[in-house]
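In what follows, every heavy atom counts, from backbone to side chain, and hydrogens, waters and symmetry copies are set aside.
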Amino acid sequence: MGMMEITNVNEYEAIAKEKLPKMIYDYYSSGAEDQWSLKENCNAFTRILFRPRILIDVSNIDLTTTVLGFKLSMPIMIAPTAMLKMAHPEGEYAVARAASDAGTIMTLSSWATSSVEEVASTGPGIRFFQLYVYKDRNVVTQLVRRAERAGFKAIALTVDTPLLGRREADIKNRFTLPGHLTLKNFEGLDLGKLDKTSDSGLASYVAGQVDRSLSWKDVKWLQTITSLPILVKGVLTAEDARIAAEVGAAGIIVSNHGARQLDYVPSTIMALEEVVKGAQGRLPVFLDGGVRRGTDVFKALALGASGIFIGRPVVFSLAADGEAGVRKALQMLRDEFELTMALSGCRSLKEITRDHVVTEWDHPRIAPRL
């Protein structure tokens, strides 16, 4: 299939699979263990149905929103994904430019193959920085300060990775970073390379470097070293949403790490409403995981998300067609979302309500009292 014939973001994956070496495709595509949660992240959206309202003037539809005070063209943002130069030589540069042109946020991974400074040099844009907390806190402090100086606007603290999940494809392939690439943010700290091991080089790296003693008090500690707002990424329960609000997080990202950590956690769309209730409106709640259609974006917003982040669709569109692929992926999702709003009778994001969807856990609707 040529790039011209692509009509939805799902179609990029097959092209990426053809183009990429097996080790790299497997790294991006796989989930933890049995990969039940991986399939469920997408499948769960299929069990949420619409209750569209009709005969509403939808000649003007406004997709704009604000996230942490920043004005965006749409509630579709880019999730952090590691080592993007494995997918395409332009890697993080291409994604940064595509996001900026689309008027949305790119989140740069700690484990990017381009540094915060290099990504900042691609031009203006609203960018967040995803943070893994290393055992050596000086490394963390340096990194956060560099992200601040480079103009990044928020920290997305990943909290679901005290150890790396068991990704069996990576173990079989003995995954490691291709020789010409490094984890650019850590290059000067001699932490930029993954060792070749008998299993997953990344799992060994995490076990050696990432601090598994990370706790809520470290969110407080982060607030002492940066004035940037902190998003807690990897929340799946109401209990943790409440604590996130109490410790002063600026927002929550409902995430199961693309189903790459603990298998048999619920899909993020299934966990979303519980987290939103736990947050009690004290901070915005976002979602990543399994979003492949504009209809998915609408469903997430109807269930209380303030916006969504996409991961694999960006990686696969990048691998297939570089910057142009990422631009097209963002545009297709945007167009589908706008169409879904129109056909549901919603002219702005605030008009998208819980009444626009029906889920399997709703009470049977006899008929609303009219």
Side-chain angles (χ1 to χ4, degrees), residues 3 6 9 12-13 15-30 76-102 104-132 143 146-147 150-152 156 158 167 170 173 175-189 191-194 200-202 205-206 257-258 260 288 309-331 333:
M3 295 305 158
I6 286 181
V9 303
Y12 281 115
E13 183 166 357
I15 298 171
K17 187 174 185 178
E18 261 173 52
K19 282 196 166 184
L20 294 173
K22 182 180 188 319
M23 178 187 80
I24 292 171
Y25 171 76
D26 285 356
Y27 168 74
Y28 289 133
S29 64
S30 61
I76 301 165
M77 298 165 282
I78 293 181
T81 42
M83 308 180 251
L84 286 175
K85 283 186 179 175
M86 293 195 309
H88 188 277
E90 289 276 278
E92 291 84 5
Y93 300 114
V95 174
R97 289 191 294 256
S100 180
D101 286 346
T104 192
I105 289 166
M106 174 204 187
T107 315
L108 183 72
S109 169
S110 272
W111 296 333
T113 35
S114 313
S115 67
V116 288
E117 294 83 4
E118 288 172 332
V119 169
S121 76
T122 61
I126 304 154
R127 302 189 182 105
F128 291 175
F129 181 68
Q130 174 271 335
L131 181 68
Y132 285 113
L143 198 50
R146 282 172 55 199
F152 284 69
T158 294
R167 306 165 193 175
D170 292 348
N173 294 330
F175 172 79
T176 190
L177 194 56
H180 65 291
L181 298 174
T182 62
L183 303 180
K184 231 13 201 235
N185 287 314
F186 297 98
E187 205 177 36
L189 303 156
L191 295 167
K193 280 285 184 202
L194 304 187
S200 160
L202 187 61
Y205 181 85
V206 170
H257 210 108
R260 293 158 76 76
D288 72 29
F309 291 86
I310 51 167
R312 286 186 182 89
V314 171
V315 177
F316 293 139
S317 59
L318 174 69
D321 199 22
E323 185 180 335
V326 181
R327 282 169 189 260
K328 182 166 178 178
L330 289 168
Q331 188 63 47
L333 285 169

For [X] and [Y], work out which heavy atoms get closest and say how close.
{"X": "Ala82", "Y": "Ser109", "answer": "CA-OG, 3.7 Å"}
{"X": "Gly125", "Y": "Ser100", "answer": "CA-OG, 3.9 Å"}
{"X": "Leu330", "Y": "Ala102", "answer": "CD1-CB, 3.9 Å"}
{"X": "Tyr27", "Y": "Arg260", "answer": "O-NH1, 2.8 Å"}
{"X": "Val315", "Y": "Ala87", "answer": "O-CB, 4.1 Å"}

- Query: Would a distance-only check, ignoring hydrogens and angles, find a side-chain to backbone donor-acceptor pair under 3.5 Å from Thr113 to Leu84?
  - Reply: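 Yes.
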- Task: Using modelled atom types only, decide if a donor and an acceptor are shared between the side chain of Asp288 and the backbone of Gly258 within a distance under 3.5 Å.
- Result: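 Here the side-chain-to-backbone pair does not exist.
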- Task: Kindly determine whether Glu90 and Val326 satisfy side-chain contact (heavy atoms from CB on, under 4.5 Å), including the steps that lead there.
- Result: CA-CA 12 Å; Glu90 289 276 278; Val326 181; over 6 Å; no
Any residue meeting side chain to side chain contact (heavy atoms under 4.5 Å, CB included) with [X], in chain and number order, not counting sequence neighbours:
{"X": "Ala120", "answer": "Ala150"}
{"X": "Glu118", "answer": "Tyr93, Ser114, Ser115, Lys184"}
{"X": "Ala320", "answer": "Met3, Tyr12, Ile15"}
{"X": "Glu323", "answer": "Ala94, Arg97, Ala98, Asp101, Arg327"}

Side-chain touch [X]/[Y], heavy atoms, less than 4.5 angstrom:
{"X": "Trp111", "Y": "Pro80", "value": "no"}
{"X": "Met106", "Y": "Val314", "value": "no"}
{"X": "Leu143", "Y": "Ser110", "value": "yes"}
{"X": "Met83", "Y": "Leu181", "value": "no"}

- Item | Over 12 foreign heavy atoms within 6.0 Å of NZ, Lys328 |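 Count over threshold, so yes.
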- Query: Among all residues two or more places apart in sequence or in another chain, which pass the salt bridge (charged side-chain N to carboxylate O under 4.0 Å, His left out) test with Asp26?
  - Reply: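 By the salt bridge (charged side-chain N to carboxylate O under 4.0 Å, His left out) rule, Asp26 matches Lys22.
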- Message: Just to verify, what does Glu18 make a salt bridge (charged side-chain N to carboxylate O under 4.0 Å, His left out) with, not counting sequence neighbours?
- Response: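 For Glu18 there are no salt bridge (charged side-chain N to carboxylate O under 4.0 Å, His left out) partners, ignoring immediate neighbours.
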Output the distance between atom [atom1] ([X]) and atom [atom2] ([Y]), rounded to the nearest 0.5 Å.
{"X": "Leu177", "Y": "Tyr205", "atom1": "CG", "atom2": "OH", "value": "10.0 Å"}
{"X": "Thr107", "Y": "Ile126", "atom1": "OG1", "atom2": "CD1", "value": "11.5 Å"}
{"X": "Glu187", "Y": "Thr182", "atom1": "CD", "atom2": "OG1", "value": "3.5 Å"}
{"X": "Ile76", "Y": "Phe309", "atom1": "CD1", "atom2": "CZ", "value": "12.0 Å"}

Considering residues at least two apart in sequence or located in another chain, which fulfil the side chain to side chain donor-acceptor pair (under 3.5 Å) criterion with [X]?
{"X": "Thr81", "result": "none"}
{"X": "His257", "result": "Tyr132, Asp160, Thr161"}
{"X": "Thr158", "result": "Gln130"}

- Stepwise side-chain contact (heavy atoms from CB on, under 4.5 Å) test for Arg167 and Phe175: CA-CA 10 Å; Arg167 306 165 193 175; Phe175 172 79; over 6 Å; no
- Query: What residues form a ring pair (Phe, Tyr, Trp, His ring centres under 6.0 Å) with Phe129, not counting sequence neighbours?
  - Reply: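 Not a single residue meets the ring pair (Phe, Tyr, Trp, His ring centres under 6.0 Å) criterion with Phe129.
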- Item | For Phe316, all residues meeting ring pair (Phe, Tyr, Trp, His ring centres under 6.0 Å), sequence neighbours excluded |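 For Phe316 the ring pair (Phe, Tyr, Trp, His ring centres under 6.0 Å) partners, ignoring immediate neighbours, are Tyr25.
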- Test side-chain contact (heavy atoms from CB on, under 4.5 Å) on Lys19 and His88 and set out the steps. CA-CA 10 Å; Lys19 282 196 166 184; His88 188 277; over 6 Å; no
- Any side-chain hydrogen bond (donor to acceptor under 3.5 Å, both in side chains) pairs touching residues 312-321, not counting sequence neighbours?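 The answer is none; no pair qualifies.
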